[in-house]
Amino acid sequence: MSGHPKHPDRLLDMALHVRGESRYVDDLTPPAGTLHAAVFSSPVAHGRIRRLEVSKVLTRPGVRGAFTAADVPGENQIGGILPDEPLLAQGEVHCVGEPVALIVADTARLARAALGAVELEVEKLPAVFDPREAFRQGLLISPARTFAIGDVDAAWKDCDVVVEGRVDSGGQEHVYLETQAALALPGEGGSLKVISATQGPTGVQKAVARVLGLPMHLVEVEVLRLGGGFGGKEDQATPWACLAALAAFRLGRPVKLVLQRQEDMRLTGKRHPYSSDFRLGAAYDGRLLAYQASFYQNSGCTADLSTSILERTLFHATASYHIPNVRATGACCRTNLPSNTAFRGFGGPQAMLVMEAAIARLAESLGLSPAAVQERNLLGDGDVLPYGQRFHGGQARRCWQTAKTRYHLEERRWQVAEFNRTHLLAKKGLALMPVCFGISFTNQTLNQAGALVHVYTDGSVSLATGAVEMGQGVHRKLREVAARAFSIDRERVRLQPTSTAQVPNTSPTAASTGTDLNGRAAELACRAVLERLREAAARELGKDRPQKVEIREEQVYYEGRPTSLTWERLVAAAYARRVSLSAQAHYATPGIHFDRTAEKGQPFAYHACGTAVCEVTLDCLRGTYTVEAVEAVHDLGPSLDAAADRGQAEGGIVQGLGWLTVEEVLHAGDGSLLTSALASYKVPDIHFAPRRLEVQFLEDTVNPLGVFNAKAIGEPPFMYGIGVYFALRAAMRAFRPDGELAFAAPLTPERVLMQLAGERPL
Ligand code: MTE
Ligand code: HPA
Ligand code: MOS
């Protein structure tokens with residue numbers, strides 16, 4: 001990165017990362033006397049606690065404390081949406097990995113060494129791991145919900161063809177590089193500062209206050225940055241922060257809790273696996289007429305964010321398509337697994353996979369290409385979605401058409417067919433994947449943000465917001481927003497660590513809205529200071545019309561002509577005139593609403609859309625495959641940070657195709673995690689990434705609800721990865737034109753091989 005000669009760009013995350021200078025929770029030098037905690041968790045998936053004894057732990061070397069539910073001074077409850085999540089198990093355990101006791105010692109090693117001294121007797125109860133089984137037993141976290149439009153029951157008779165099927169999609173481990181971590185520091189007067197690796201500092205602050213029985217003003221939560229979150233720290237950073245806080249509070253000493261990788265994998269939730277049924281009806285020409293889908297979400301043992309995630313599944317039930325008659329039903333099924341949680345796409349990818357599966361089956365049955373069916377039904381401006389919102393400005397069709405021409409679809413179809421004709425044991429597959437993702441929290445309340453800006457007397461600027469930097473570049477983008485608002489060098493702007501004491505009552509950085517919400521708040525705060533600066537400038541220049549003052553690239557203009565004032569001189573002059581150089585601002589997304597009784601409304605500020613072309617080559621003898629290409633045209637609008645946006649798109653695509661191909665979460669029959677290390681859980685590496693990975697952005701579009709007209713980018717590209725699944729399926733079809741191919745993700749090489757061999761061994 002280029003640095004400003006006067007203000008070297010020391011504060012840029014990228015530069016710090018490559019030099020290894022960025023600090024994560026575990027890199028902080030804790031104060032002398034800091035203790036270290038380790039978690040004792042349930043070895044049993046479901047059972048009644050008969051005996052829990054920690055007295056022997058206290059005799060172990062270096063141990064300073066051991067805590068159970070009985071030691072929680074406030075409420076032993078951290079459930080955010082529903083109160084069904086004890087901080088430490090009480091009475092029963094509900095999954096393998098549920099925290100039962102906390103051991104605190106002089107070192108993390110000594111704390112872990114003492115775990116074996118915890119005495120726990122559990123009377124086993126029947127455990128359920130399958131969402132459909134949980135549904136049959138009535139084990140629901142909340143009542144099932146249904147989104148509907150038109151008259152689906154009446155529409156079937158108008159269909160020329162109706163297909164049905166079942167789709168299963170697996171979990172996904174977040175694999176953030178920084179594991180869950182927190183450092184709790186007791187302060188004066190019963191106050192506490194918690195440094196937490198969380199996407200939601202306010203959520204942590206609330207939970208810590210609740211657990212300790214403190215008012216929120218005694219608890220400050222601070223986040224410098226995360227080594228990745230991907231949704232896994234939206235809700236699930238909270239227990240670890242609360243546990244560290246509990247120990248710090250009880251012992252009056254700083255306490256650090258950092259999960260090891262395997263602990264993190266075993267104790268935290270993943271993407272929700274879903275099992276779903278679909279029924280899709282169409283006319284002979286491929287026009288979709290009726291769609292019905294039932295989603296069984298494997299929620300795990302607590303609500304966590306599951307109900308919100310299910311809601312987004314229903315919002316995205318029809319993916320990128322317009323269908324006049326729809327009924328989509330979903331249930332959060334309680335099972336005895338660690339609670340599944342937010343993961344990039346937040347239930348949207350699971351829904352889109354089902355819709356695309358239905359289209360794949362329908363196309364087969366009509367003898368059309370899936371792309372013909374997709375194209376014919378793609379959302380256009382004015383189409384009404386099942387939840388009542390009118391699709392507008394999404395550019396779905398333009399992206400589709402641009403992708404087809406830019407990536408030479410017709411020619412490549414021909415090449416693939418020719419390859420498949422001339423190769424017996426290798427087959428290629430091609431698929432298009434359109435994505436339309438709704439931008440806004442589906443929970444209306446969360447669509448608000450605050451910002452606090454200070455201009456210092458040397459002209460440097462400090463900006464604090466509720467946004468958490470987790471590698472997605474939100475701090476770079478917010479810095480850009482402030483620099484543009486003031487028209488000053490971006491090197492003058494510094495983003496503060498995210499803190500509940502600087503900006504309160506924040507939403508988690510999630511739903512891809514980090515820049516939209518916090519950027520708008522930042523812009524408002526900067527504009528408030530700017531107004532005062534313009535008045536000060538007019539006075540300083542002896543002029544009477546502040547509205548004629550303008551700042552352009554650090555130079556002050558009056559009536560379009562440069563003046564003697566620069567940014568620095570203006571700031572100094574304003575201070576001398578006793579003008580406030582600070583402002584706080586609040587932003588709430590306008591125009592959004594949703595009625596959960598009618599299940600209708602306008603939940604999203606806008607949709608982020610695009611289309612990817614995916615191509616694979618399959619080794620039909622081994623089941624192994626190569627992702628040849630994922631090439632996408634994506635509507636972004638004018639980018640605030642080209643490098644960050646490209647990184648988001650490319651990273652999202654690779655993470656998305658990992659979910660559908662090699663990433664497989666497996667549990668043993670007793671509910672314990674088999675894939676609990678990166679040796680057994682495979683993530684896409686550089687060799688597995690697409691050989692050609694290209695994203696072409698539409699930049700000439702405008703999005704009035706974004707910041708400087710840009711669209712959100714964090715989650716939407718993830719779902720292009722779904723196209724790789726269907727490219728693989730197309731290649732499998734080329735090898736095995738007959739028989740059913742099940743819809744089950746991930747399509748690991750193992751699964752591909754089983755399906756290719758099918759009934760008749762090769
Ligand atoms: N990119 C990186 N590098 N690391 C992350 O943890 N999280 C994703 C996405 N991109 C993530 C990421 C998820 S799940 C979301 S919701 C958004 O970033 C959140 O940030 P934003 O709202 O600023 O886009
Ligand atoms: N996305 C991510 N996180 C959320 C949402 C959402 O739509 N709603 C509540 N938390
Ligand atoms: Mo992202 S799953 O909304 O944190």
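Residues take their numbers from the sequence shown, with the count starting at 1. Predicted model, so just to flag it, every value in this text is computed and none were measured. We count ligands from 1, going down the list as the structure has it; atoms in each ligand are counted the same way.
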What atoms of ligand 1 come closer than 4.0 angstrom to any heavy atom of [X]?
X    : answer
G229 : 5 (C), 6 (O)
A511 : 16 (S)
G471 : 2 (C), 3 (N)
E715 : 16 (S)
Q648 : 1 (N), 2 (C), 3 (N), 9 (C), 10 (N), 12 (C), 18 (O)

Open item on the list: Students often mix this up, so state it plainly: with edges at 30° and 60°, are the rings of H174 and Y176 parallel, tilted or perpendicular?
Closed with: parallel
- [ ] Please work out which of the three classes, parallel, tilted or perpendicular, describes the rings of Y274 and F295, given edges at 30° and 60°.
- [x] perpendicular
Please produce the table of protein N or O atoms sitting under 3.5 Å from N or O atoms belonging to ligand 2, one pair a line, distance to 0.1 Å.
{"from": "ligand 2", "atom 1": "3 (N)", "to": "E234", "atom 2": "OE1", "distance (Å)": "3.2"}
{"from": "ligand 2", "atom 1": "3 (N)", "to": "E234", "atom 2": "OE2", "distance (Å)": "2.8"}
{"from": "ligand 2", "atom 1": "7 (O)", "to": "R312", "atom 2": "NE", "distance (Å)": "3.2"}
{"from": "ligand 2", "atom 1": "7 (O)", "to": "R312", "atom 2": "NH2", "distance (Å)": "3.0"}
{"from": "ligand 2", "atom 1": "7 (O)", "to": "T442", "atom 2": "N", "distance (Å)": "3.2"}
{"from": "ligand 2", "atom 1": "10 (N)", "to": "E234", "atom 2": "OE2", "distance (Å)": "3.0"}

Are the charged groups of [X] and [Y] less than 4.0 angstrom apart, N to O?
X    : Y    : value
R479 : D641 : no
E523 : R527 : yes
R344 : E715 : no
E664 : K682 : no

TODO: Go through the steps for Q350 and T313 under the test side chain to side chain donor-acceptor pair (under 3.5 Å), then give the verdict.
DONE: CA-CA 7 Å; Q350 291 93 327; T313 300; 5.3 Å; no
TODO: Evaluate side chain to side chain donor-acceptor pair (under 3.5 Å) for H586 paired with Q448, printing each intermediate quantity in order.
DONE: CA-CA 7 Å; H586 177 262; Q448 57 176 316; 2.7 Å; yes
Looking only at protein heavy atoms, which one is nearest to [atom], and what is the separation?
atom                    : answer
atom 23 (O) of ligand 1 : Q472 NE2, 3.1 Å
atom 19 (C) of ligand 1 : M470 CE, 3.6 Å
atom 3 (O) of ligand 3  : A511 N, 2.7 Å
atom 8 (C) of ligand 1  : R344 NE, 3.9 Å

Quick check: does [X] get an N/O under 3.5 Å from an N/O on ligand 1?
X    : value
G514 : yes
T509 : no
G231 : no

Task: Sub-4.0 Å heavy-atom approach of G228 to ligand 1 - done: yes
Open item on the list: When you measure from the heavy atoms of A510 to every atom of ligand 1, does any distance fall below 4.0 Å?
Closed with: yes
TODO: For ligand 3, indicate whether the residue R344 contacts it via side chain, backbone, both or neither (heavy-atom separation under 4.0 Å).
DONE: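 R344 to ligand 3: backbone contact only, side chain stays beyond 4.0 Å.
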TODO: Quick one: pull up OH in Y720 and CD in Q655 and give me the separation to the nearest 0.5 Å.
DONE: 15.5 Å
Open item on the list: I want to confirm something. Looking only at heavy atoms, which of K233, Q199, R312, E715 is nearest to atom 4 (O) of ligand 3?
Closed with: Q199
Task: From the candidates G714, A467, P716, the one that places a heavy atom nearest atom 17 (C) of ligand 1 - done: G714
Does either side chain, that of [X] or that of [Y], offer a donor lying less than 3.5 Å from an acceptor on the other one?
X    : Y    : answer
T442 : E311 : yes
T202 : T506 : yes
T341 : D235 : no
S294 : T329 : no

Under 4.0 Å to a heavy atom of [X] - the qualifying atoms of ligand 3, by number:
X    : value
F343 : 2 (S)
E234 : 3 (O), 4 (O)
G231 : 2 (S), 4 (O)

Task: Over-ring placement of K711 relative to Y606, 6.0 Å and 45° cut-offs - done: no
Open item on the list: Quick check: H316 with F604 (ring centres under 6.0 Å apart)?
Closed with: yes
Task: Identified ring pair (Phe, Tyr, Trp, His ring centres under 6.0 Å) partner of F315 from the options F441, Y387, F346, F437 - done: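 Result: among F441, Y387, F346, F437, Y387 is the only option passing the ring pair (Phe, Tyr, Trp, His ring centres under 6.0 Å) with F315.
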Task: Part of I713 with heavy atoms under 4.0 Å of ligand 1, whether side chain, backbone, both or neither - done: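 Within the 4.0 Å criterion, I713 makes no contact with ligand 1.
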